[in-house]
Amino acid sequence: MPSLFKRHPWRGVLAAATALALIFGAGHFAEQRELQAKMDALQQATAAHVLGLRGLVEKHDFLPHAAARHPDVRELLEAPRDAGLQARVNAYFADLQTTTGAAALFLIDREGLTLAASNWNLPSSFVGESYRQRPYFKDAVEGRRGLFYGVGLTTGQPGLFIAEPVRAAGGVMGVMVAKISLEPLERSWRHGANPVLLRDSRGVVFLSGVPEWVYHGVEPVSAADAAWIADHGQYGQRRQFGVLPWTIRLRDDMPGFMLATSAGGRAQEYLALDTPLPGLGWTLTVTEGMREVRAARRLALALGTLATALLLLGVLYWRLRERRYAEQRSAQRDLEQRVEERTRDLQQANAFRKAMEDSLLVGMRARDPEGKIIYVNPAFCAMVGYDAGELLGCRPPYPYWHPDDLEKQARESDDALQGRAAPHGFESRIRHKDGHDVITMVYTAPLIDADGVHRGWMSSIVDITAQKLAEARQRDQELRLQRSARLASAGEMASTLAHELNQPLMALSNFALAARALAMRGDPAMLAGALDDIVEQSRRASEIVKRVRAMINPQRADYATLAVGAVIGHAATLLKPELERNGVGLRLEVNDPDLRVRGDQVLLEQVLANLVHNAAQAVQDQPRRRRNIVLAARRATQGVHIAVSDQGPGIASDQLEQIFAPFFTTKPDGLGLGLNICRTIVEAHGGSMTVVNEADGGATFSFILPIVP
């Protein structure tokens with residue numbers, strides 16, 4: 001074939017061009033297919049993020065509209081100096097903010113002055129502050145719904161402000177505003193694998209999973225836009241907005257664009273897609289990493305190179321056979337010259353073929369029909385650890401056969417020599433010369449010479465040891481994860497039972513000691529009372545086990561219509577000995593004891609007992625005058641509001657968000673399950689539980705239960 005290329009150089013150029021076209025065509029095809037898969041995933045992720053954003057806004061969109069129609073809100077705008085009315089509106093806003101999870105709610109008069117706010121009792125209260133320069137206020141005063149994202153002028157915390165005009169017969173009389181925090185959304189983005197960001201209508205990034213991109217623009221922010229942002233205090237005192245370190249390359253064959261940038265201190269390449277959010281005036285950008293695309297291209301190039309090499313080897317073999325037929329038909333007078341030329345050509349072809357075969361990464365082994373090895377390439381020798389001199393001429397069993405699989409490998413060898421080898425290959429374990437195992441895939445095909453005579457069998461051997469080890473590690477990891485999940489579930493249930501049974505068991509121990517003392521004194525009347533208490537606490541422990549089983553399987557729950565006053569009174573009676581022993585006072589403030597709720601009395605009493613017990617521990621180190629607990633119940637808009645307040649040190653601000661998390665505790669001997677179980681019980685009754693620190697010290701745990709009509 002080299003001589004053919006010498007006589008016809010254009011054929012060599014054509015062959016090389018064809019080979020390169022096949023290789024790069026395969027790489028391009030694999031890259032485009034992976035890129036299309038990435039784009040499909042990117043569009044799905046974008047749709048999910050758009051739904052999440054719209055859901056977050058729509059979840060709170062009704063708040064200003066609903067609050068603006070409350071009678072007290074309208075009356076406060078008409079009589080802004082009425083202190084009692086202002087207190088009721090503040091309490092209403094605080095309750096609504098706690099229930100809905102909004103960051104803040106506040107009411108502004110037509111002059112831009114805040115009259116009431118949900119954070120009225122905090123140092124960062126909005127009450128008395130003027131927000132007339134805010135765009136959402138201007139829109140609402142003019143009768144339109146206002147929507148604005150920016151940094152709070154008072155708190156310095158960013159959020160989305162939704163404003164609604166409060167209308168009267170004479171027009172707009174004030175503005176109702178709800179502030180929504182997007183911090184949980186940004187926090188989830190920061191834990192994501194690929195960056196997600198939001199830009200406002202002026203191109204400034206205000207929310208991103210990459211913190212260093214915030215308050216930067218894709219393009220330089222114009223002087224007019226920067227002045228507008230500064231005049232309205234949209235991003236606090238910030239006046240300058242840098243340009244994102246992005247290099248963007250657009251593609252005509254699909255939506256989106258290629259993005260080269262740095263994230264986390266490393267150069268990254270992403271496929272990005274912009275999605276406008278018309279109702280909000282924002283632009284959502286979602287990205288997908290390009291690592292898999294580049295890997296697919298490299299793999300396709302490698303496979304294309306291997307396939308092209310095999311194709312060239314086949315073409316070479318075919319050309320050699322054709323040349324031999326031509327030589328046989330040549331005249332006798334040119335025989336010696338042609339033999340010499342053929343010998344030279346064969347030597348060159350064999351050298352070329354050997355060079356190609358030696359460069360293959362796949363092991364090659366040829367055997368004659370009786371199973372004798374007649375050819376091995378360097379890749380196969382490296383795979384088994386034996387050189388060609390040790391393998392050529394060997395017959396079964398071969399030295400690299402695994403001693404534990406001799407019968408299996410002999411059967412597979414016989415099948416291959418008889419032409420019964422599986423066309424899709426088979427897995428075989430062999431033993432390297434140095435003693436370690438190698439897992440391979442073997443593919444066998446007939447070896448036909450130039451005359452069409454079957455001369456043996458050619459096998460391609462691929463080392464898949466690393467792949468099998470990776471699969472084994474993955475299976476082992478999955479089994480460990482399953483065992484860990486089962487152990488965690490069992491541990492959590494055991495901890496729950498231990499925590500809930502602690503109080504009745506302690507009571508049983510105290511009553512038993514009292515009964516023994518009474519028996520020694522010979523007082524049968526009081527002894528009978530102590531024994532009755534022991535029986536009652538035993539039944540209570542049994543009821544707790546029953547209720548915990550009901551929490552696991554809701555079909556076992558035993559709910560009844562209960563009077564709030566009776567539940568609170570019975571819980572207070574159970575706690576009285578412990579509180580008196582520790583010198584702690586308990587005051588009950590039940591405005592309407594006949595309010596009815598539907599639930600399980602034992603579980604609700606357990607919630608109250610846990611909350612009061614925690615409050616008693618919180619005040620035990622306080623002066624005598626501050627060892628007081630208030631257990632209050634009152635009718636609320638959503639149901640009955642029950643609160644337990646203490647005068648202890650309160651809860652650290654960095655622990656408020658995780659106070660209800662399972663296994664989180666501030667006590668040296670605590671399990672961290674009490675508050676988590678209380679919240680679970682309240683939610684099972686259709687209610688919700690919250691905690692706040694009081695301004696004069698202490699904390700208040702409260703929950704709301706639906707009232708039975």
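A quick note: this is a predicted structure, and the numbers were derived from the prediction, not measured.
- Across N90 and W120, no two heavy atoms sit closer than the pair CB-CD1, 3.1 Å.
- By the salt bridge (charged side-chain N to carboxylate O under 4.0 Å, His left out) test, D95 is found to be paired with no residue, residues two or more places apart in sequence or in another chain being considered.
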- Message: One pair to check against side chain to side chain contact (heavy atoms under 4.5 Å, CB included): V141 and R110. What are the steps and the verdict?
- Response: CA-CA 7 Å; V141 166; R110 279 190 60 85; 3.9 Å; yes
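- Atom OH of Y559 and atom CG of D600 lie 7.0 Å apart (nearest 0.5 Å).
- Residue F93 is tested with T98, L63, D72, L107 for a side-chain contact (heavy atoms from CB on, under 4.5 Å); the sole match is L107.
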- Message: With salt bridge (Lys or Arg N to Asp or Glu O under 4.0 Å) as the criterion, how do E78 and R74 come out once you've worked through the C-alpha distance, each side chain's angles and the decisive distance to 0.1 Å?
- Response: CA-CA 7 Å; E78 295 174 353; R74 296 176 179 272; over 6 Å; no
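- There is no side-chain donor-acceptor pair under 3.5 Å between Y92 and T637.
- Considering only heavy atoms from C-beta on, Q43 stays 4.5 Å or farther from T46 through its side chain.
- A heavy-atom distance below 4.5 Å is found between the side chains of L76 and Q86.
- With a 4.5 Å cut-off on side-chain heavy atoms, V597 and H685 do not count as touching.
- With rounding to the nearest 0.5 angstrom, the NZ atom of K179 is 11.0 Å from the CD atom of Q97.
- Considering all non-hydrogen atoms of both residues, A140 and V172 come closest at O-CG1, 3.9 Å.
- Applying the 6.0 Å contact sphere to CZ of R581 captures more than 12 heavy atoms from other residues, nucleotides or ligands.
- Across every non-hydrogen atom of H65 and E164, the tightest pair is ND1-OE2, 3.7 Å.
- Between I162 and D61, the closest heavy-atom pair is CG2-OD1, 4.0 Å.
- Rounded to the nearest 0.5 angstrom, S702 OG and R634 CZ are separated by 8.5 Å.
- Taking the ring centroids of Y131 and F106, they lie under the 6.0 Å cut-off.
- S118 places a side-chain N or O within 3.5 Å of a backbone atom of L105 that can act as its donor or acceptor partner.
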- Step-by-step side chain to side chain contact (heavy atoms under 4.5 Å, CB included) determination, L182 to L56: CA-CA 9 Å; L182 301 185; L56 179 62; 3.2 Å; yes
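- Not one N or O on the side chain of S125 forms a donor-acceptor pair closer than 3.5 Å with the backbone of N121.
- Atom CG of residue L53 and atom CG of residue L185 lie 5.5 Å apart, to the nearest 0.5 angstrom.
- Of the possible polar contacts, one joining the R627 side chain to the Q622 backbone as a donor-acceptor pair under 3.5 Å is found.
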- Test log, rule side chain to side chain contact (heavy atoms under 4.5 Å, CB included), inputs L96 and H70: CA-CA 12 Å; L96 191 59; H70 194 281; over 6 Å; no
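- Between Q620 and N582, every side-chain heavy-atom pair lies at or beyond the 4.5 Å cut-off.
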- Let me see the working for L705 and V564 under side chain to side chain contact (heavy atoms under 4.5 Å, CB included), right down to the final yes or no. CA-CA 10 Å; L705 297 177; V564 172; over 6 Å; no
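- When atom types are taken as modelled, the side chain of N119 and the backbone of L122 share no donor-acceptor pair closer than 3.5 angstrom.
- Between the side chain of R167 and the backbone N or O of A68 there is no donor-acceptor pair closer than 3.5 Å.
- Side-chain atoms of V177 and F126, non-hydrogen and from C-beta on, never get closer than 4.5 Å to each other.
- Put simply, the residue from L277, T283, T285 that forms a side-chain contact (heavy atoms from CB on, under 4.5 Å) with L198 is L277.
- Around atom CZ of R81, no more than 12 heavy atoms belonging to other residues, nucleotides or ligands sit under 6.0 Å away.
- Here the closest heavy-atom approach between residue G146 and residue D139 is recorded as CA-CB, 4.0 Å.
- Within the 3.5 Å criterion, the main-chain N or O of G174 finds no donor-acceptor partner in the side chain of D109.
- Residue R144 comes nearest to P165 through the heavy atom pair O-CD, 3.7 Å, listed as atom of the first residue, atom of the second, then distance.
- Residues L579 and V612 have side chains in contact (heavy-atom distance under 4.5 Å, counting atoms from C-beta outward).
- Proximity of E605 to L574: side-chain heavy atoms (C-beta onward) are separated by under 4.5 Å at one or more points.
- Checked by atom type and distance alone, the side chain of R626 pairs as donor or acceptor with a backbone atom of Q647 at under 3.5 Å.
- For the pair R134 and F148, the cation-pi criterion (under 6.0 Å, within 45° of the ring axis) is not fulfilled.
- Separation of atoms CD (Q157) and OG (S181) is listed at 7.5 Å; rounding is to 0.5 Å.
- Every residue two or more places apart in sequence or in another chain that forms a ring pair (Phe, Tyr, Trp, His ring centres under 6.0 Å) with H232 is listed here: W228.
- Contact annotation: the side chain of L631 approaches that of L586 to within less than 4.5 Å [non-hydrogen atoms, C-beta and beyond].
- Residue L284 holds its CG atom at 7.5 Å from CG of L197, rounded to the nearest 0.5 Å.
- Using a 4.0 Å cut-off between charged side-chain N and carboxylate O, R190 and E186 make a salt bridge.
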